[in-house]
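First the structure, in the form of structure tokens, and then the observations on it.
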Amino acid sequence: MSTYSWQRMQRLPRAELRALQDHLLQRYVREQLYPFSPWYRDVFDRAGVRPEQIRSVDDLRRLPLSTKRDLLPTADDPQRFKRFILQPDPDSIRKAWPLAKKLPLLWTKWTKGVEAVRKLVKHQYAPCFMTFTTGRSAEPVPFFYSPADIQNLHTTGTRLVDVMALPGDYRIANVFPYAPHLAFWQVFFAGQATDMMVLSTGGGKVMGSSGDLRAIARLRADSLIGVPGYVYHLLRRAAGEGLDLSSIRCVVLGAEKVPPGLKAKIVDLLAACGANDVRVFGTYGFTEARMAFAECPTPDNAYTGYHLYPDLAIFEVIDPKTGEVVPDGQDGELVFTPLQARASTVFRYRTGDLVRGGLRWDPCPHCGRTVPRISSDLTRESSLKDLQLLKVKGTLVNLEDCAMLLGNMKEVEEWQIELRKKDDDPLEVDELVVHLAVRQGCAEATAEANVREAFKSRLEVMPNHVEFLGLESMLRKIGMETEMKERRFVDSRPRT
Ligand SMILES: [Zn+2]
């Protein structure tokens with residue numbers, strides 16, 4: 001049952017996919033999670049749930065949710081992340097595994113000796129690679145992969161390429177920053193698994209935009225892959241310089257939310273560089289999942305939703321206030337449960353990512369796949385951290401809404417929002433400052449009036465100042481080529 005090929009799995013009816021998930025979940029809890037995870041054994045015991053009681057996806061509701069906070073160090077346990085690593089030993093394996101699962105190990109022991117068995121176990125469980133969570137407020141938490149988990153990155157890499165229908169002879173320019181973060185490595189391992197030609201430039205921080213653009217043009221890349229803000233910046237520059245990027249057929253965006261309207265802007269910029277009929281895809285992944293999911297292609301670059309892998313993970317959508325699971329298609333927070341994970345393992349894990357339109361099980365109207373899909377209208381928790389909701393002049397302002405508003409305005413090329421105290425006096429009132437670089441040919445006065453109007457009507461707060469900068473100075477201000485993430489929100493209020 002667990003051996004459906006990906007090709008077959010994507011066409012199975014929902015009932016069969018659910019049966020597959022029930023089966024894999026039962027086995028995962030009994031044979032991996034409960035016996036080998038110090039953290040989750042404790043969670044089960046404290047909740048009074050026996051591993052045998054988890055027989056189906058619905059039974060997950062018996063267990064408490066995990067949160068990012070669980071992974072953070074405490075005074076008693078400065079290395080708490082270690083308790084999330086699966087840690088089998090000969091005794092726990094003997095007790096937890098049924099004979100059929102133990103037989104291959106016993107056979108290896110008889111025929112090749114104990115050392116060969118140790119090697120097999122090491123391949124499954126021993127940490128050999130790590131990435132970090134990218135939170136801004138908390139210490140980064142390390143996430144470990146075993147060789148088997150790395151193999152999984154190959155599997156999900158192959159599936160990403162399949163969902164996006166990228167031909168095997170494509171040349172890929174990967175402009176994600178070199179970093180111990182999932183996005184870069186998922187692309188790297190996808191290339192390894194599919195024998196595609198991948199050039200990883202390391203992004204603007206390593207070679208600068210002009211270096212990146214020269215490399216992309218020289219490679220005659222078919223596909224450009226990176227963070228939405230940086231890809232947009234690169235293409236705007238290419239269009240400005242009249243660069244020939246006519247070889248590009250697709251753009252893949254990852255690591256952050258893909259704002260509505262961005263796909264169309266990218267298509268326009270590429271058309272100015274000679275590239276026509278370009279596909280633009282959003283992808284979704286996060287450190288703790290150690291895998292990523294993609295949209296499928298459509299002629300008009302629709303937001304098709306992220307196509308999931310039912311044999312590798314279960315997603316639930318919950319009401320973030322009550323923690324209750326909501327029905328299909330309803331808004332809520334994504335909760336992740338892996339089905340094959342080794343090394344660092346979370347379970348029923350609150351991602352903090354909010355999805356409008358939830359989880360869907362109807363066949364994809366574009367590609368016909370029957371695997372569940374997460375709506376593309378997703379707000380990443382990482383983009384909200386620290387500055388999620390701010391009280392500005394007594395009004396609660398959602399900065400994500402500000403980002404959407406400014407990102408969609410046609411007069412606005414780049415922007416930054418700064419919070420200051422009036423006259424830098426900690427006792428004074430808050431001031432909201434919008435820094436803008438306007439699009440060529442747009443009058444600053446018009447842009448200011450439109451921004452003020454949009455803030456007033458949609459956010460019920462007015463910026464105290466709108467300040468203008470040239471595009472180059474603005475790019476330096478937001479750290480386009482020097483920072484891992486663009487600085488879109490700056491809190492300059494003195495700390496009290
Ligand atoms: Zn599809």
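Here the structure is a predicted model, which is why all the values come from computation and not from measurement. As the structure lists them, so they are numbered: ligands from 1, and atoms in each ligand from 1. Values below: every heavy atom of this structure, side chains too, minus hydrogens, waters and symmetry copies.
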Requested in this report: Please find the N/O/S atom of His307 nearest to the Zn ion (ligand 1) and write down its name.
Outcome: NE2
Query raised in the report: Tell me, do Asn408 and Leu406 make a side-chain contact under 4.5 Å, heavy atoms counted?
Result: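 Heavy-atom side-chain distance check fails, nothing below 4.5 Å.
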**Report entry** Smallest separation among heavy atoms of Ser223 and Val252, with atom names
**Finding:** OG-CG2, 4.2 Å
Query raised in the report: Would His366 count as a contact for the Zn ion (ligand 1), in the sense that one of its N, O or S atoms lies under 2.8 Å from it?
Result: no
Report summary line: At the Zn ion (ligand 1), SG of Cys367 and SG of Cys364 open up to roughly (10° bins) 110°
Query raised in the report: Cationic tip of Arg348 within the cone over Phe336's six-membered ring, i.e. under 6.0 Å and within 45° of the normal?
Result: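 Arg348 over Phe336 ring: no.
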Query raised in the report: Got more than 12 heavy atoms from elsewhere within 6.0 Å of CD, Glu241?
Result: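 Enclosed: over 12 neighbouring heavy atoms sit under 6.0 Å from CD of Glu241.
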